[in-house]
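Single-structure report; data block below.
Predicted model only: the values in this text are computed from it and were never measured.
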Protein chains: 4
Amino acid sequence: MPDASNRRSTERTEAIMRTTLDLGQEIGYAKLTIEAVAARAGAGKHTIYRRWPSKGALLLDSLLCLHESALAYPDTGDVIADLRAQIYGAVDLLAGPSFGPLFRALIGEAQYDPQLAAALNERFITPLADKTVARLKAARDQGQLSPDFDLTLAMAILSGPLYFQFLITQGPLTHEYVDRILDALFAGMEPRPRARASRARPATSSVRPVS
Amino acid sequence: MPDASNRRSTERTEAIMRTTLDLGQEIGYAKLTIEAVAARAGAGKHTIYRRWPSKGALLLDSLLCLHESALAYPDTGDVIADLRAQIYGAVDLLAGPSFGPLFRALIGEAQYDPQLAAALNERFITPLADKTVARLKAARDQGQLSPDFDLTLAMAILSGPLYFQFLITQGPLTHEYVDRILDALFAGMEPRPRARASRARPATSSVRPVS
Amino acid sequence: MPDASNRRSTERTEAIMRTTLDLGQEIGYAKLTIEAVAARAGAGKHTIYRRWPSKGALLLDSLLCLHESALAYPDTGDVIADLRAQIYGAVDLLAGPSFGPLFRALIGEAQYDPQLAAALNERFITPLADKTVARLKAARDQGQLSPDFDLTLAMAILSGPLYFQFLITQGPLTHEYVDRILDALFAGMEPRPRARASRARPATSSVRPVS
Amino acid sequence: MPDASNRRSTERTEAIMRTTLDLGQEIGYAKLTIEAVAARAGAGKHTIYRRWPSKGALLLDSLLCLHESALAYPDTGDVIADLRAQIYGAVDLLAGPSFGPLFRALIGEAQYDPQLAAALNERFITPLADKTVARLKAARDQGQLSPDFDLTLAMAILSGPLYFQFLITQGPLTHEYVDRILDALFAGMEPRPRARASRARPATSSVRPVS
DNA sequence: GAGTAAGCGAGACGGTACGTCCGGTCTTTTC
DNA sequence: GAAAAGACCGGACGTACCGTCTCGCTTACTC
């Protein structure tokens, strides 16, 4: 049970974060101002600066705290299918109108704010990547993937094109596009037995070990 | 032959761009100011605003004009080797201290400046991607790649992880990392005969057609 | 003929000073704000800060520039009468509702702003005192005052009680009060012969009854 | 006998007042802050606001409580000499480095804080003036001054130039200056006989040469 | 060549937000 | 039950750039 001071503090914090998101969606990140957030939230500027060192940090917190659910995905038996569902989820989040534009701006800001970049990695990118890697590892352990499958590289090959689409070409992020990448990644190895059949070719995986 | 006014104009323009790069490298993109560029270059602010609509546009121009050479690569017989060399070059440019940080900031800015994003794509991303796709197509035409190789997807799988590393994890961009991705991409198909040997499995390429 | 830039500058400056006085009279010195002056005058804050280093300096300029006339007084033949008229004028200015309260606040501010104190002395106090001393000297030269009359001290004895009334007791500044002080100051010497004639009156005291 | 709470309260109050003076002397009135006083005194801001309505009131209290002694002066037989000693004392207090600057600032603040002005008059100016008037009255009653001597005006002529020097020209307040004013005030009357004796001297002027 | 127009440096200007500071109120915790 | 500690709103501070604007000066082009 939180004590009174925490409760009060928490309420303030959440009100500010919610205002940040609302305002951010209305006028966009570039025009988003700590001054305006404070005014709209009925808060003193100091109250914001006490909690967050920069506009970026405030928005990062706001986005993550209010979209925590988006990272949780169920565990069916089929690890590969679960992975696909998980990536669908991540892509839906990024493509969504309430998260995508602000998050894109946030990654943008991180390009010249190392502190923000670190926070972004620590609190969003890495956890998500770890989940992906964990699923891949589970699949490998279950024999759905070749034992010499390079998990980290696979994760990069999975994520990279999605972020490329998201940040650079700024085209749509569809499930179909996710499928194309996943299919390419797992080409020729999904059914383990088939992999055994092609014993003549040692490098069955499209992703070869680092060694 | 350019007339005098053009010549003078060009000199001014180049001086401003050079100052932009110098100053940008000294103090970073975030603190880079049109006001400061004007002051350092001994130019009026008007003179800058007359030529470029925004700080981002100015920096984009400055970066591209002063690193034009980086996009040109030789043509040996071996298309795949040429592709590798080309990507090495791109990666070296991005990893370089005089181009990388500013360019990264520029991509950052493009996240909330659609005009800049468009210009960036049109003048840097797309030309580079086209070159890559052209090489891949040449390789496919020469039979070094499977005929059902999805060129665009391959390009995305090549570029994505590199930009992911560059923008998100902000780790080092090494030739070795490029190799790992290229090897994964071409796994099992580089020697055409081997690809034929696995005829039983239609999905020889790690990158399957869009179908 | 002032050139265009001066004319523009002057107009801005005067508009700001007028706004300062207006606002100052409406809400008082304590609540007067550079921010509010800028807003009301439709000027940028920088435009004010460029011209004046502090609120006090701005108000000093505003008060003096817009009440320049108050320091000018005519020259009749009777120097002592002229002096009296001059002091009446000064007192009327100080007692006036448009000058008094703000000027009082200004002297207040000068108590902990040495720069303002210096400016105040240089631009208002000293010129006024010099005028007074000049009149006294003229009177002495004309023989209306004793040759060993200490001009500076007389000025202090004239001004001191007025400022004491103005700043400390904050009572009304009337012509009658001026008369009492002047009479006390000149007691027994105004008409040189009369001093001798009044020999019978023991009240040679410089401080006469109010009567 | 004060109970414990009163004693504790008094200690707190004095500690705050002492801190106020210390801090005020260190950084000057302008930069003196209730916040800073509270911090340095180890007191809550509430504790200060509960006792004093404003910074000025706090400083006034602090100055007066810690310099109470300065208003007490001995009674010898010679009333005029006693008066002179009393004014010497007042002037020494004002000219002193520990009282003068802060007191000057306080009078400054009183220019736009009527409550403070009232308190200042009631607790410092008026008591002091009353003492002066009382001495003058005693002198008049003893026959050292003319019976039609205007006590209040004399007080004003005594105090005015001193405060003028203190507040306006901000020059030094010396005993010599006090003497000049006193001499001018009492010109020709201190030794009653001398007043009569000097009848022949035309220089009955109340203002004597500096020399 | 003289006159005219354009480009330019310089920098004033109205705005807007910054991040800091303090006033004065309120709440929580400690002694 | 008073007091410390300090969170909180509000609002002004003085600074920094923005993008627009005027001002003269200097060329360079036209007639």
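A perpendicular orientation is assigned to the rings of C:His67 and C:Phe99, their planes being inclined by more than 60° (bins at 30° and 60°).
Side chain of D:Lys55 to main chain of D:Thr33: no donor-acceptor pair is present (N/O by atom type, distance under 3.5 Å, no hydrogens or angles).
By the salt bridge (charged side-chain N to carboxylate O under 4.0 Å, His left out) test, A:Arg40 pairs with A:Glu26, sequence neighbours left out. Not counting sequence neighbours, the partners of D:Asp61 by the salt bridge (charged side-chain N to carboxylate O under 4.0 Å, His left out) test are D:Arg123. When the salt bridge (charged side-chain N to carboxylate O under 4.0 Å, His left out) test is applied to A:Lys45, the partners found at least two apart in sequence or on another chain are A:Glu35.
Checking C:Leu59, C:Thr20, C:Leu21 one by one against C:Val37, the side-chain contact (heavy atoms from CB on, under 4.5 Å) holds for a single residue, C:Thr20.
Atoms CG (A:Leu58) and P (E:dA17) sit 16 Å apart, rounded to a whole Å. At whole-Å resolution of the value, NZ in D:Lys55 and P in E:dG24 are 10 Å apart. Protein atom CD1 of C:Ile48 is 14 Å distant from nucleotide atom P of F:dA12, rounded to whole Å. For the pair C:Arg51 CZ and E:dG14 C1', the computed distance is 13 Å after rounding to whole Å. Remark: C1' of E:dG9 and CD of B:Glu35 are 14 Å apart, rounded to the nearest angstrom.
Residue-to-nucleotide proximity on DNA chain F shows that, of C:Ala36 and A:Ala41, the 5′-proximal contact is made by A:Ala41. Nearest-nucleotide mapping onto DNA chain E: of B:Ala39 and A:Pro53, the residue sitting toward the 5' end is B:Ala39.
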**Message:** Let's test your reading of the pairing rules: Watson-Crick or G-U wobble, both distances under 3.5 Å, then write DNA chain E as a dot-bracket string with ( ), [ ], | and dots.
**Reply:** |||||||||||||||||||||||||||||||

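Scanning atom types as modelled, one donor and one acceptor separated by under 3.5 angstrom connect the side chain of B:Lys45 and the base of F:dG19. Taking only distance into account, the side chain of B:His46 meets the base of F:dC21 through a donor-acceptor pair shorter than 3.5 Å.
Counting non-hydrogen atoms under 4.0 angstrom, D:Arg50 reaches the backbone sugars and phosphates but no base.
For A:Thr47, counting side-chain heavy atoms from C-beta on, the closest listed nucleotide (E:dG23, F:dC8, F:dA3) is F:dC8. For C:Tyr49, taking side-chain heavy atoms from C-beta onward, the closest of the listed nucleotides F:dG14, F:dT20, E:dT25 is F:dG14. Side-chain proximity of B:Ile34 to the nucleotides E:dG7, F:dA7, F:dG19 is greatest for F:dG19. Counting only heavy atoms from C-beta on, D:Ala43 has its side chain closest to F:dA4 among F:dC18, F:dA4, E:dG23.
Counting only residues at least two apart or in different chains, side chain to side chain donor-acceptor pair (under 3.5 Å) contacts with residues 105-121 of chain A comprise A:Tyr29-A:Glu109, A:Glu109-B:Tyr112, A:Tyr112-B:Glu109, A:Tyr112-B:Tyr112.
Applying the 6.0 Å contact sphere to CZ of C:Arg50 captures more than 12 heavy atoms from other residues, nucleotides or ligands.
Side chains of B:Phe103 and B:Leu120 form a contact here, defined as non-hydrogen atoms less than 4.5 Å apart. Proximity of D:Leu58 to D:Ser62: side-chain heavy atoms (C-beta onward) are separated by under 4.5 Å at one or more points.
Applying the 4.0 Å criterion to OP1 and OP2 of E:dG9, one finds that B:Arg12 has a side-chain N or O inside that range.
Contacts between residues 16-33 of chain D and DNA chain F, defined by a heavy-atom separation below 4.0 Å, involve no residue at all.
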